[in-house]
Protein chains: 2
Amino acid sequence: MDNTQAAATPAQAAGVSIAAVERDTGLGKDTLRVWERRYGFPRPLRDAFGERVYPAEQVEHLRLIKRLMDQGQRPGTLLRPPIAELGERLAANPAKVGADDTADWIVPMLKARDIDPLRAELAQRLARDGLERFVIETVPALNRRIGEGWMAGEIAIFEEHLYTELVQNQLRSSIHTLGGRGTRPQILLTTVKDEEHILGLLMVEALLAANGAFALSLGAQTPIADIVGAARATNTDIVALSFSGAYPWRKSRDALIELRAALPERTELWAGGGGLAGRGRSVAGVRVIGALSEIAPTLAEWHAAHPRRSGH
Amino acid sequence: MDNTQAAATPAQAAGVSIAAVERDTGLGKDTLRVWERRYGFPRPLRDAFGERVYPAEQVEHLRLIKRLMDQGQRPGTLLRPPIAELGERLAANPAKVGADDTADWIVPMLKARDIDPLRAELAQRLARDGLERFVIETVPALNRRIGEGWMAGEIAIFEEHLYTELVQNQLRSSIHTLGGRGTRPQILLTTVKDEEHILGLLMVEALLAANGAFALSLGAQTPIADIVGAARATNTDIVALSFSGAYPWRKSRDALIELRAALPERTELWAGGGGLAGRGRSVAGVRVIGALSEIAPTLAEWHAAHPRRSGH
DNA sequence: GCCATCATATTGTCCTGGACAAAGCGTTAA
DNA sequence: TTAACGCTTTGTCCAGGACAATATGATGGC
């Protein structure tokens with residue numbers, strides 16, 4: 001694969017520090033050291049001071065592994081066999097491709113030199129399909145396609161960055177355009193700590209806006225105490241949380257229970273995202289939104305249950 | 001101060017784990033442990049398993065300390081004397097206030113329940129002053145005011161989040177509206193790894209857009225190798241880097257040297273941000289932008305030096 | 001055949017205490 | 001005033017042990 005990595009500078013040719021690997025892969029220093037001890041991988045070099053130096057190749061493998069783990073694979077499976085197998089496992093994995101041909105167009109456009117056509121294409125699809133369909137169908141398909149492309153070595157990191165940036169602009173711009181004149185319900189949108197997931201948040205925000213509800217987004221990574229504080233201060237009707245698929249179910253559950261207990265009774269709590277999708281029973285007092293397409297109906301329900309009152 | 005923190009849930013009343021503190025303060029686990037060993041602060045409780053449990057109060061102090069360190073204060077100064085002094089040091093610090101009365105309006109608006117007026121106010125100022133002045137004068141003043149408010153305990157975290165979110169929306173929306181039809185120069189905008197600074201990037205992007213130059217923003221934290229790859233792939237004329245004030249000068253310098261060496265000769269390298277402002281001599285082959293207001297003139301210079309050619 | 005319960009294996013994160021390079025600071029020499 | 005140098009401060013790394021939380025697999029009851 002003639003990816004970006006090719007252009008390594010002499011200075012860093014040998015490899016990178018454990019801290020850099022932590023940043024680039026999302027795997028903690030402790031985890032990296034323990035893997036090395038237990039599974040024999042990664043097996044970094046050592047510099048003059050005995051500190052670990054990870055060759056680019058191993059970092060690449062680690063990124064791959066992290067990505068697979070985020071899809072539910074377990075480390076033991078990925079790390080015990082000779083690492084060479086990784087490539088094959090990848091080749092075997094994208095079996096789901098094929099259903100997603102619709103999104104294939106993104107790849108060549110991303111790889112083209114000019115971004116304007118891409119920007120235009122996104123804008124056009126948004127205009128043609130409408131914000132709602134764009135968010136529910138187009139963007140998820142694109143996300144999936146990009147993810148697969150990344151794993152297949154087809155898409156460079158900066159191209160993924162670029163994609164995120166462009167979609168983000170489209171969505172923010174749409175939300176902005178839709179305005180939002182103090183309509184009810186007042187919604188507070190965020191994720192709990194340990195969650196990234198910016199694009200997902202933005203997608204939800206756009207959907208809400210498309211349905212006349214304007215969320216106050218706190219961005220990602222809000223501590224629970226802050227969520228509660230904000231909800232109290234802004235007299236929020238609904239607190240909506242988004243959990244990505246990678247987020248451990250138990251933690252989501254705990255966060256929801258804790259939050260439910262701390263929020264005023266009249267404030268509803270909605271939760272959604274891949275992290276909750278499959279999970280059987282929900283938490284008492286929490287409304288689970290199984291898919292993006294459920295947002296609009298759920299909102300309609302809320303309106304039915306809360307007929308418009310005069311004063312605030 | 002009747003801040004957000006008040007609403008602590010029973011479950012977490014005792015305190016939080018070291019990982020949570022790392023996330024919330026940005027101070028590494030190692031650093032937290034070493035401070036405890038060396039300075040006696042923080043002094044977390046221990047749970048049944050001997051693991052550190054940080055009371056909210058100490059976390060609050062740590063956040064304060066981090067903020068002060070980001071302004072250049074050194075840990076020894078902050079941690080050695082009885083921590084109680086912190087409050088006083090804070091009270092003494094905002095001496096710079098007063099020059100910034102212009103931005104005071106943001107505080108009450110942020111604290112008001114409704115966000116719509118705030119959104120409207122920002123939009124109006126943007127419309128009245130123009131994008132350029134908004135970015136060069138208004139936003140920096142607001143940022144400063146918010147930072148001070150945060151340190152003084154006047155502004156809660158979620159209010160700061162909210163502010164960032166709203167300004168971000170305004171800027172992105174403006175950039176989006178301005179369009180950008182494949183104009184030269186082709187600019188690549190980003191920060192190197194270890195840098196956050198999203199809002200700063202966006203401000204630069206907006207300024208460029210206001211001057212008819214459309215940057216391709218890679219977002220923050222792009223590894224150098226990726227920057228080079230992206231620059232090559234997109235046939236970039238100018239790579240623009242932003243360094244925040246907290247970023248150590250030496251690292252900026254190294255990054256710039258490395259990048260300069262790796263980029264094609266014809267690609268210019270511009271660098272700006274608080275991290276470079278004071279520093280005397282610049283790096284060979286790097287154009288240092290001392291202030292936001294210099295962006296427009298520098299761009300004009302570029303145009304003068306690169307008269308429009310026909311083909312692409 | 002399907003679901004609950006338990007035992008077992010896996011896995012991430014935390015701990016201690018030592019070490020050391022890099023960055024900061026102040027002083028002296030040019 | 002700038003440059004070079006030594007001392008101090010400070011962040012990050014290391015090793016190896018420990019253990020709770022989670023996933024997996026087996027067993028038994030409906």
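None of the values given here were measured: they were computed from a predicted structure. Every chain is numbered from 1, with letters handed out A, B, ... down the list of sequences.
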*Asks:* Once you round to the nearest 0.5 Å, how far does CD of B:Q58 lie from OG1 of B:T25?
*Replies:*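 Going from the CD atom of B:Q58 to the OG1 atom of B:T25 covers 12.0 Å.
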*Asks:* Which part of the nucleic acid, if any, lies within reach of A:R38 when heavy atoms closer than 4.0 Å are counted: base, sugar-phosphate only, or nothing?
*Replies:*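 Answer is base: heavy atoms of A:R38 come under 4.0 Å of a base.
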*Asks:* Please name the pair of heavy atoms, one in A:R67 and one in A:I146, separated by the smallest distance, quoted to 0.1 Å.
*Replies:*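 In this case the closest contact between A:R67 and A:I146 is NH2-O, 4.4 Å.
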*Asks:* Do any N or O atoms from the side chain of A:R52 and from the backbone of A:P44 form a donor-acceptor pair under 3.5 angstrom?
*Replies:*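 Absent.
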*Asks:* Picking from C:dG12, C:dC14, D:dT10, which would you name as closest to the side chain of A:T31?
*Replies:*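 Of C:dG12, C:dC14, D:dT10, C:dG12 is nearest to the side chain of A:T31.
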*Asks:* Quick check: on DNA chain D, is the nucleotide nearest A:K29 upstream (toward 5') of the one nearest A:V34, or the reverse? Name the residue that is more 5'.
*Replies:*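 On the 5' side of the pair lies A:K29.
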*Asks:* Quiz question: going by heavy-atom distance under 3.5 Å, is there a donor-acceptor pair between the base of C:dG17 and the side chain of B:R37?
*Replies:*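 By the distance-only test, yes, there is a pair.
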*Asks:* Please report the interatomic distance CG(A:L78) to CH2(A:W35), rounded to the nearest 0.5 Å.
*Replies:*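 If I round to the nearest 0.5 Å, the distance is 7.5 Å.
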*Asks:* Return whichever of A:V53 or B:F49 has its heavy-atom-nearest nucleotide of DNA chain D closer to the 5' end.
*Replies:*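 Looking at DNA chain D, the more 5' nearest nucleotide goes with A:V53.
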*Asks:* Please determine, for the side chain of A:R46, which listed nucleotide (D:dC14, D:dT10, C:dC14) has the closest atom?
*Replies:*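 For the A:R46 side chain, the nearest candidate turns out to be D:dC14.
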*Asks:* Tell me: CD1 of B:I18 to C1' of C:dG12, nearest whole Å?
*Replies:*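 Atom-to-atom, B:I18 to C:dG12, this comes out as 15 Å.
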*Asks:* Under 4.0 Å between a side-chain N or O of A:R33 and OP1 or OP2 of D:dG16?
*Replies:*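 Checking A:R33 against D:dG16: no side-chain N or O falls below 4.0 Å of OP1 or OP2.
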*Asks:* Less than 4.0 angstrom between a side-chain N/O of B:Y39 and OP1 or OP2 of D:dT9, yes or no?
*Replies:*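 Negative; the distance criterion is not met.
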